[in-house]
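Report on one structure; see the data block that follows.
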Amino acid sequence: MHEKEQAAQLKKTRGLATGLLVAMAVLFVVARLFQPRFPHLSFVSAFAEAAMVGGLADWFAVTALFRSPLGLPIPHTAIIPRNKDRIGDSLSDFLEHNFITQEIIREELRRIDFAGAAASWLAQPENSRAVSRQIARSVPAILRVIEDDDVRQFMQNRLAAALENTKFAPVVAEVLSVLVAGQHHQAVFDRLVAMAARALEQNKDYIRWKIHENSPRWLPKVIDDKFYHRLIEALQSTLDEMRDEDSEWRLRFQNLTDEFIEQLRTSPEYEEKLDAILGEVLGHPLTRNYIVEVWHDIKSRLEADIASPDSQLITRLERGLHSFGNELLNDAAVQKKLNQWIRIFATETIVGRREVIADLVARVIRKWDADTMSRKLELHVGKDLQYIRINGTLVGGLVGLILHAISLAL
């Protein structure tokens with residue numbers, strides 16, 4: 001609710017409570033004036049008198065919370081302004097230990113289906129289209145930031161520092177270990193054998209010609225042909241042997257691969273050689289110029305595509321987001337896992353920073369002046385406190401009426 005609405009409601013309720021108090025005062029005066037002629041008005045007089053006492057007492061109590069009644073320096077009044085900082089600290093502590101806890105945050109987040117809501121939203125074509133266009137519109141701004149000289153220099157320096165502090169040999173060793181575990185190196189071996197067999201088949205005439213070219217002139221060509229055929233047969237036999245899954249060649253290739261991986265993991269010499277190669281390649285002017293040319297080409301193509309009414313990037317993004325939303329919407333297991341991850345992350349993040357969040361409340365309240373603190377609280381709870389005044393007036397009148405009846409009965 002807006003502060004203006006709160007202020008209007010507070011003013012209305014305060015006027016009602018004050019009006020009731022004034023009405024009791026008028027009723028008391030009238031009853032006392034006519035009581036000699038009409039003795040039964042003593043009950044009205046007792047009611048009005050007690051109602052005034054109750055109303056005034058509650059007015060004093062309510063007013064004393066926010067300011068000194070009638071501006072008088074009465075002790076233990078203006079309680080909120082005088083204890084502003086202490087109230088802020090207590091509120092901060094209460095919020096930290098009673099609201100921002102693992103149990104409460106986890107229970108509240110459990111009610112929210114984050115993944116399902118996101119999937120349903122993205123499954124709507126207009127939403128996936130809007131998101132894809134928003135992403136595409138942000139690309140030129142990102143490209144301009146990257147093109148900034150200061151940003152580019154910073155990124156280059158950070159990249160150079162990261163490359164300098166990174167040990168590539170162990171990384172390459174781990175990648176190769178994964179490939180070997182999946183038998184991908186055997187596929188490479190088969191590919192190499194197939195390439196060698198194809199090269200041999202395509203270059204038989206050249207091999208025959210080289211043998212004749214380099215043999216002595218006095219040697220009969222029949223001998224050259226026999227040598228050629230035996231050489232080809234030996235090579236083909238070796239290649240066929242290599243294709244065998246249990247061949248000695250495969251075992252040697254496996255042993256060499258394992259040895260190479262181990263050397264990458266443990267040998268400083270390999271680390272130095274690999275660093276030197278990478279440093280020479282990455283630091284070479286041709287490499288840098290090539291990277292710059294490729295980057296500018298990619299940048300110009302992206303900008304042209306985004307500016308086009310039939311942007312392929314936007315279309316693909318839209319299709320991908322829409323497809324992702326539909327697939328996620330139909331996969332309850334993935335939704336459950338995503339929701340669990342989000343809840344764990346959100347809970348740990350919020351609870352881990354609860355001191356900061358609670359301290360923010362205390363710091364904001366400390367920055368408020370006493371009048372601001374008093375005004376804000378009065379706007380939020382003042383309406384209900386005015387009803388206390390109204391109830392105090394009416395209840396006080398009833399108590400006075402009962403006490404007057406009891407005194408007459410005695």
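Rounded to the nearest 0.5 Å, atoms CG (Leu256) and CG (Leu251) are 9.5 Å apart. Atom CD of Glu5 sits about 13.5 Å away from atom CG of Leu10, to the nearest 0.5 Å.
We find that Arg243 and Asp240 are joined by a salt bridge, their nearest charged nitrogen and carboxylate oxygen being less than 4.0 Å apart. In summary, Arg110 and Glu107 engage in a salt bridge, as defined by a charged side-chain N under 4.0 Å from a carboxylate O. By the 4.0 Å N-to-carboxylate-O rule, Lys204 lies close enough to Glu201 to be salt-bridged with it. Between Asp244 and Arg250, no side-chain nitrogen of the basic residue sits less than 4.0 Å from a carboxylate oxygen of the acidic one, so the salt-bridge criterion is not met. Between Asp297 and Arg301 there is a salt bridge, with a side-chain nitrogen of the basic residue lying less than 4.0 Å from a carboxylate oxygen of the acidic one. A salt bridge does not link Glu318 with Arg133: every distance from a Lys NZ or Arg NE/NH1/NH2 to an Asp or Glu carboxylate oxygen is 4.0 Å or more.
A ring-centre distance under 6.0 Å is not found for Phe47 and Phe28.
In this structure a side-chain-to-backbone donor-acceptor pair under 3.5 Å is present from Asn391 to Tyr387. The main-chain N or O of Asp58 is never found under 3.5 Å from a side-chain atom of Arg389 such that the two would form a donor-acceptor pair. Looking at Asp305, its side chain does come within 3.5 Å of a backbone N or O of Leu313 through a donor-acceptor pair.
The 12-atom threshold is not exceeded at CZ of Arg316, counting heavy atoms of other residues, nucleotides or ligands nearer than 6.0 Å. Within 6.0 Å of CD on Gln263 lie more than 12 heavy atoms contributed by other residues, nucleotides or ligands. Within a 6.0 Å radius of CZ in Arg137, more than 12 heavy atoms belonging to other residues, nucleotides or ligands are found. No more than 12 heavy atoms of other residues, nucleotides or ligands sit less than 6.0 Å from atom CZ of Phe324.
The aromatic rings of Phe34 and Phe38 sit tilted, their planes meeting at an angle between 30° and 60°. Classification of the Phe189-Phe253 ring pair by plane angle, with boundaries at 30° and 60°, yields tilted.
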